[in-house]
Each structure stands twice: as structure tokens, then as C-alpha cells.
Amino acid sequence: DAAYQDALEKGSTPAEATARKQGVVDSLKANFSAKEATAAGKAAQAAAKSGLSEGAAKAAALSAAKGVKEGKNEDAALSTSQGDAAYQDALEKGSTPAEATARKQGVVDSLKASASSIGPIGEAVAEEAYQKAIAEGATPQEATARKQGVADALKANFSAKEATAAGKAAQAAAKSGLSEGAAKAAALSAAKGVKEGKNEDAALSTSQGDAAYQDALDRGS
């Protein structure tokens with residue numbers, strides 16, 4: 001009930017507040033602690049706010065509680081839980097397990113990209129990169145890779161200019177169907193190239209070689 005009231009006071013709809021309360025109840029029933037149940041409630045509320053199913057909100061709650069129990073901080077547990085919720089929601093709406101997994105990954109990636117460690121200005125730069133990619137005709141997956149590349153570069157203390165190149169490099173790697181690790185390698189390679197004085201095109205070329213190398217390693221070469 002305290003979780004319900006707290007949610008309402010913070011401007012949630014009754015449906016979201018109910019989801020939060022239910023998430024707390026579900027996790028307490030599953031023998032999680034009060035601290036774990038608090039994270040569970042927030043996770044269920046976030047799933048409800050995204051318009052996901054009740055089953056998805058429950059999946060989010062138990063995922064977040066489990067995450068906190070395993071020693072994750074609350075933010076990390078909440079991010080993972082939203083991926084698990086998206087997976088459950090997709091299955092309930094008739095997606096194949098592979099499609100549901102792709103949706104889960106997309107949610108997790110975009111949450112990672114907007115992680116507050118890059119600060120509000122960094123978040124705005126990353127979000128702008130995503131929007132720009134979509135406007136240029138990229139798929140949501142490629143645009144997410146671009147946003148993630150920008151975020152990765154900013155987290156590694158590269159400048160906005162260097163991070164812009166990083167985003168383009170990660171997007172190109174994703175477009176080539178390379179692994180997530182490869183897209184990240186491309187991003188950091190391109191940022192480093194621009195930092196070292198290469199022009200953007202040269203830095204992007206080098207980065208795709210580095211991405212191919214990483215992708216090959218990821219695939220067991």
C-alpha cells in the first residue's frame with residue numbers, strides 16, 4: 001500500500017500505481033526481501049507505463065528483485081528487468097522466441113545507451129544520434145547501435161565530435177550484421193582515430209577493420 005501511495009504521489013496513473021503494488025506483492029510472495037521487493041515494484045510500474053501486459057509487468061518485477069538479490073545496483077536491475085518484460089510481452093503477443101529475444105536486446109541496448117553515467121547533455125547527444133539515423137533511413141536496430149556507439153565513446157571520455165564518429169562507426173558495423181562487441185570496437189576505434197587527428201572518413205574505414213577483427217574473435221576465430 002505504501003508503494004501504491006508513493007507512486008500516486010509521484011504522479012503515476014492508478015494503473016501504474018497498481019502495477020507497482022502488485023510487483024511488490026508478487027516478489028514478497030516469492031520470498032524476496034523488502035529491499036528487493038521495492039525494486040520489483042518500480043520495475044513492474046515501468047513495464048505498465050510502457051503499456052506492456054500484466055504478465056510482462058510480473059516478469060519485470062521478479063527479474064528486478066532477482067537482480068538486486070544477486071548484488072546488482074537498482075538501476076542495473078531495473079534495466080535488465082525491462083528487457084525481460086519486453087521479452088514476455090512479445091511472447092504473449094505471438095512473437096517467436098527469436099523475435100522476443102531481439103526485442104529484449106533492443107530495450108536493454110537503448111536503456112544502456114541512455115544510462116545516466118554520461119549525464120543529461122551526453123544523453124541528449126546520444127538521443128540526437130538515434131533520431132538522425134532514423135531520419136537517414138536506418139533501421140531501429142542500426143539507430144540504436146549508433147546511439148550506443150555515441151554513449152560508449154562519451155563514457156570513455158571522448159569529445160562530442162569524437163563520439164559522433166563513434167556512433168556512425170557502430171551503426172556501420174551493425175548494418176554489416178556484426179556483433180555488439182564489434183560495434184563497440186568500431187565506435188571506440190573511430191573516436192580514437194578522430195582524436196588522433198584522422199579525418200572522419202579515414203577513422204571510419206579503420207574502425208570497420210577493427211570491428212571485423214572483433215566480430216571474428218566473437219565468433220570463435
Side-chain angles (χ1 to χ4, degrees), residues 50 67 72-73 75-84 86-87 98-221:
S50 302
K72 282 186 184 164
N73 70 39
D75 285 344
L78 288 175
S79 287
T80 306
S81 77
Q82 295 314 294
D84 291 334
Y87 179 87
E99 288 162 0
T101 300
R103 178 149 166 227
K104 172 180 175 173
Q105 196 54 53
V107 168
V108 171
D109 285 347
S110 89
L111 285 169
K112 268 192 209 154
S114 65
S116 54
S117 59
I118 57 175
I121 294 170
E123 279 184 38
V125 173
E127 187 53 45
E128 191 187 341
Y130 179 89
Q131 296 302 339
K132 226 177 236 177
I134 293 288
E136 288 164 8
T139 65
Q141 204 177 353
E142 290 160 15
T144 298
R146 181 153 164 188
K147 180 177 177 176
Q148 186 65 46
V150 170
D152 285 339
L154 290 173
K155 278 181 196 161
N157 295 319
F158 286 103
S159 70
K161 181 185 172 192
E162 292 150 7
T164 300
K168 290 180 185 172
Q171 181 182 342
K175 192 172 185 171
S176 303
L178 303 187
S179 70
E180 246 183 88
K184 184 168 185 171
L188 297 178
S189 166
K192 192 163 163 273
V194 171
K195 187 174 195 164
E196 287 167 356
K198 282 185 185 166
N199 69 37
E200 198 180 72
D201 286 343
L204 288 176
S205 290
T206 306
S207 76
Q208 295 313 294
D210 291 334
Y213 178 85
Q214 185 59 44
D215 186 73
L217 286 184
D218 288 349
R219 294 187 202 284
S221 296

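Along the sequence shown, the residues carry numbers beginning at 1. Side chains included, hydrogens not; waters and symmetry mates left out as well; all remaining heavy atoms used. Keep in mind that this is a model prediction, so the values were computed, not measured.
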Asks: Is a side-chain N or O of Q208 found less than 3.5 angstrom from the main chain of A169, in a donor-acceptor match?
Replies: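 Side chain of Q208 to backbone of A169, a donor-acceptor pair under 3.5 Å: yes, one is there.
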
Asks: How long is the span from the CD1 atom in I134 to the CZ atom in R146, to the nearest 0.5 Å?
Replies: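 The CZ atom of R146 is 10.0 Å from CD1 of I134, to the nearest 0.5 Å.
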
Asks: More than 12 heavy atoms of other residues, nucleotides or ligands under 6.0 Å from NZ of K132: is that the case?
Replies: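 It does not: K132 NZ has 12 such atoms or fewer within range.
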
Asks: Taking all non-hydrogen atoms of both residues into account, name the closest pair between D215 and S179 and its distance.
Replies: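 D215 and S179 have their closest heavy atoms at OD1-N, 2.7 Å.
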
Asks: Mark yes when over 12 heavy atoms from residues, nucleotides or ligands other than E200 sit less than 6.0 Å from its CD; otherwise mark no.
Replies: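 Yes, because the 6.0 Å sphere around CD of E200 holds more than 12 heavy atoms from other groups.
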
Asks: Can you name the nearest heavy-atom pair linking A187 to A170, along with the distance?
Replies: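 Distance-wise, the nearest heavy atoms are CB-CB, 4.2 Å.
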
Asks: Given the rule in the salt bridge (charged side-chain N to carboxylate O under 4.0 Å, His left out) test, do K192 and E196 qualify, once you have shown the distances and angles that lead to the verdict?
Replies: CA-CA 6 Å; K192 192 163 163 273; E196 287 167 356; 3.5 Å; yes

Asks: When you measure from the side chain of S207 to the backbone N and O of A190, does any donor-acceptor pair fall under 3.5 Å?
Replies: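 Side chain of S207 to backbone of A190, a donor-acceptor pair under 3.5 Å: no, none is there.
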
Asks: Taking atom CD of E99 and atom OH of Y87, what is their separation to the nearest 0.5 Å?
Replies: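 E99 CD to Y87 OH: 11.0 Å, rounded to 0.5 Å.
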
Asks: To the nearest 0.5 Å, how far apart are CD in Q171 and OG in S176?
Replies: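 Rounded to the nearest 0.5 Å, the CD-OG separation comes out at 10.5 Å.
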
Asks: In sequence, state the C-alpha distance, the side-chain angles, and the governing distance for K104 and D84, and then conclude on side chain to side chain contact (heavy atoms under 4.5 Å, CB included).
Replies: CA-CA 6 Å; K104 172 180 175 173; D84 291 334; 2.8 Å; yes

Asks: Are a donor atom and an acceptor atom from the side chains of Q148 and E180 found within less than 3.5 Å of each other?
Replies: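 There is no such pair (donor and acceptor under 3.5 Å, judged by atom type) between the side chains of Q148 and E180.
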
Asks: Give the intermediate values and the outcome of salt bridge (charged side-chain N to carboxylate O under 4.0 Å, His left out) for residues K168 and E136.
Replies: CA-CA 12 Å; K168 290 180 185 172; E136 288 164 8; over 6 Å; no

Asks: Is F158 close to D152 at the side-chain level, that is, under 4.5 Å between some pair of heavy atoms?
Replies: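 Sidechains of F158 and D152: no contact.
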
Asks: What closest approach, in Å, do G181 and D218 show between heavy atoms, and which atom pair accounts for it?
Replies: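 Closest approach of G181 to D218: CA-OD2, 3.8 Å.
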
Asks: Measuring from atom CG of L217 to atom CD of Q214, what distance do you get when rounded to the nearest 0.5 angstrom?
Replies: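 Here the rounded value is 5.5 Å.
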
Asks: Counting only heavy atoms from other residues, nucleotides and ligands, does the tally under 6.0 Å from NZ of K72 exceed 12?
Replies: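 For K72, atom NZ is crowded (more than 12 foreign heavy atoms under 6.0 Å).
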
Asks: Of the non-hydrogen atoms in G83 and V107, which two are nearest, and what is the gap between them?
Replies: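 Reported closest heavy-atom pair: N-CG1, 3.9 Å.
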
